[in-house]
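Keep in mind it's a predicted model, so treat the numbers as computed, not measured. Each chain gets a letter, A, B and so on, in the order its sequence line appears, and its residues count up from 1.
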Amino acid sequence: MKRRDRAEALAFFGFTSPWFLGFVALGAIPLVFSLIISFTSFQLYGFHDFHWVGLRNYRNAWSDSRTVASFEDTAVITAIIVPVGVVVQISLAVLLNSTSRLRGLFRTLLYLPAVIPAVVGILLIWKGVMVNDGGVFDTVYHVFRPGVYVDWLEQHARLVLVLFMIWSTSGLGMLVFLAGLQNLPHELRDAAAADGATSSQILRTITLPLLTPVIFLQLVLGLIGASQMLIQPILFGSGEASPFFNAPQTGTDVLPALVWQVSFQYVDYGRGAALGWMLFAIVLAGTLVLFATTRRWVYYASD
Amino acid sequence: MKQLARYLLLAGAAAAFLVPVVLGLKVVVQFPYGRALLNSAVIAVCFTALSTASSALAGFGFARNRTWWKDGLFLVVLATLMVPWVVTLLPQYVLFYRLHLVGTYWPWVLWGLQGTPLQIFLFRQFYASFPRELEEAAALDGSSRLRTFWDLFVPNSKPVVAVAAVWAFILVWGDYLTQDLFYLSNANGTLLTRLTDLLAAGGAPGVYGLPIVLYAIPPIALFVVVQRHIVRGVVTSGIDG
């Protein structure tokens, strides 16, 4: 028995070694390294400025107005995108589930924005046609308030970013909820319908409670996704010729984008690492809070 | 002996047939964006192929192996999803910079070897659904783990491989910031960085819109081709379980 166990263990390491090596070299070690340099004043081009400064980077974050504004932006935008995103995903999935014909076509069309590269989606579609002067946003707005000029990216950057994120990320969530809906047992809903319940009653009292595990999953994934919102604020931003050096618009200066800017434009790696770890801590805390509340509102069919 | 001769002949023929292709590449490289296109193609193929293979192996290991810690380690795989990319991005850049790998294809080769959590999850769920008898029969015949994997599991994996590969391709094809950062020192850049810089500098889409639309077509087309399998993959992976 012992030899067989050893053979199993060896086989396991054999199969997972590429992943494991990558995880250690490109995941664990950089993580630790990032933690270490968050306590220093590290600059990339030379170790001579490598001074241990303790918690200075972390403390400065609270006194720096731009960082505080970034925390606020991140909190507000995440608080909007994650729940609203889940609502949109469920709505689309329910709609899709109730159709019988052309379901594949609509599914593909609704998932399409998620497949378009962010560069094309933002620079070409949204910046080029939606929020530019005379674009779609302007046309719709002028139906209600003709003659008023609105620079969407400058005045309503958060709205634009939120709408873009929901537009481009709902596809996958929709598929997940669709799968969840299709895996639900029919009997409860059929029985309720036979008893004369309306479809909205069925939705509210049967379908949604049964879907709470999936909702929980999507909330966690949504939170994680919001913390990776790096390229979108940058591409929507304004600045030099290359988007690499863009500054996010006011109101959309979310933490991931700020970390990027601080690290690569201001080349202040220590501070960037500290901000990154604060972001990580926030994501962890948020996930733990979500996990802690599951007992309250998540209903598993196995209970 | 005859077999060897046959294989040598085939190899010679393949080499002869490939010579025009290689020479053609040299011409392509001289076009204005030829080098950039070549770079984009190489990193995309490297990353897609390597990450799919690595994730398939890892997924198989996590699904079929009989050790008591494999599920715990799988949780670690999922936990890596939670770490924001920007936290590890910087040290990775320092690492690659110090190793003089910035401006080469190596970052994508290494990322490919690492696999991605989502692909590993996909393969694990898929391989976990195979019946035990398959492996037991193979073990009775005396084949090693690797043999079992290659002969029994891989041939049946085509849809999952397609989904995983397309997903990886879509990921790497549109990843502007990574390509810009890790390829910045290379004057030729990748097709995406060159086109994006053009587009961003030009204000309204204008004349630079079309090339980047063409650039966006491969991922969209690939997605349309495999989208049916994506849905099936999501449904059978028991995500809501």
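The main-chain N or O of B:G115 is never found under 3.5 Å from a side-chain atom of B:S55 such that the two would form a donor-acceptor pair. Between the side chain of B:S54 and the main chain of B:L50, no donor-acceptor pair closer than 3.5 Å is present. Here the side chain of A:N57 pairs a donor or acceptor atom with the backbone of A:T40 at under 3.5 angstrom. Of the possible polar contacts, one joining the B:Q179 side chain to the B:V172 backbone as a donor-acceptor pair under 3.5 Å is found.
With chain B as the partner, the residue from A:A25, A:A9, A:P30, A:A118 showing the most heavy-atom pairs under 4.5 Å is A:P30. Note: B:L89 leads B:I217, B:L89, B:L95 in heavy-atom pairs under 4.5 Å with chain A. Interface remark: of the candidates B:L113, B:V76, B:L90, B:D175, B:L90 forms the most heavy-atom pairs closer than 4.5 Å to chain A. Between chain A and the residues B:P84, B:A216, B:G174, B:G61, the most heavy-atom pairs under 4.5 angstrom are made by B:P84. Among the candidates A:I224, A:I29, A:L275, the residue making the largest number of heavy-atom pairs closer than 4.5 Å to chain B is A:I224. Here A:W260 is the residue among A:F23, A:F20, A:W260, A:F13 with the most heavy-atom pairs under 4.5 Å with chain B.
In this structure, a donor-acceptor pair under 3.5 Å is present between the side chains of B:S157 and B:Y127.
Ring to ring, B:F47 and B:F169 are not that close: their centroids are 6.0 angstrom or more apart.
Looking only at side-chain heavy atoms (C-beta outward), A:S34 and A:W277 come within less than 4.5 Å of each other.
Both the backbone and the side chain of B:T88 come within less than 4.5 Å of a heavy atom in chain A. Only the side chain of B:I170 comes within less than 4.5 Å of a heavy atom of chain A; its backbone N, CA, C and O stay farther away. For B:Y215, no part sits under 4.5 Å from any heavy atom of chain A, backbone or side chain. For A:I234, the part sitting under 4.5 Å from any heavy atom of chain B is the side chain, from C-beta outward, and nothing else. Both the backbone and the side chain of B:W111 come within contact range of chain A, each with at least one heavy atom under 4.5 Å from a heavy atom of that chain.
Between A:T287 and A:L223, the shortest heavy-atom contact is N-CD2, 3.7 Å.
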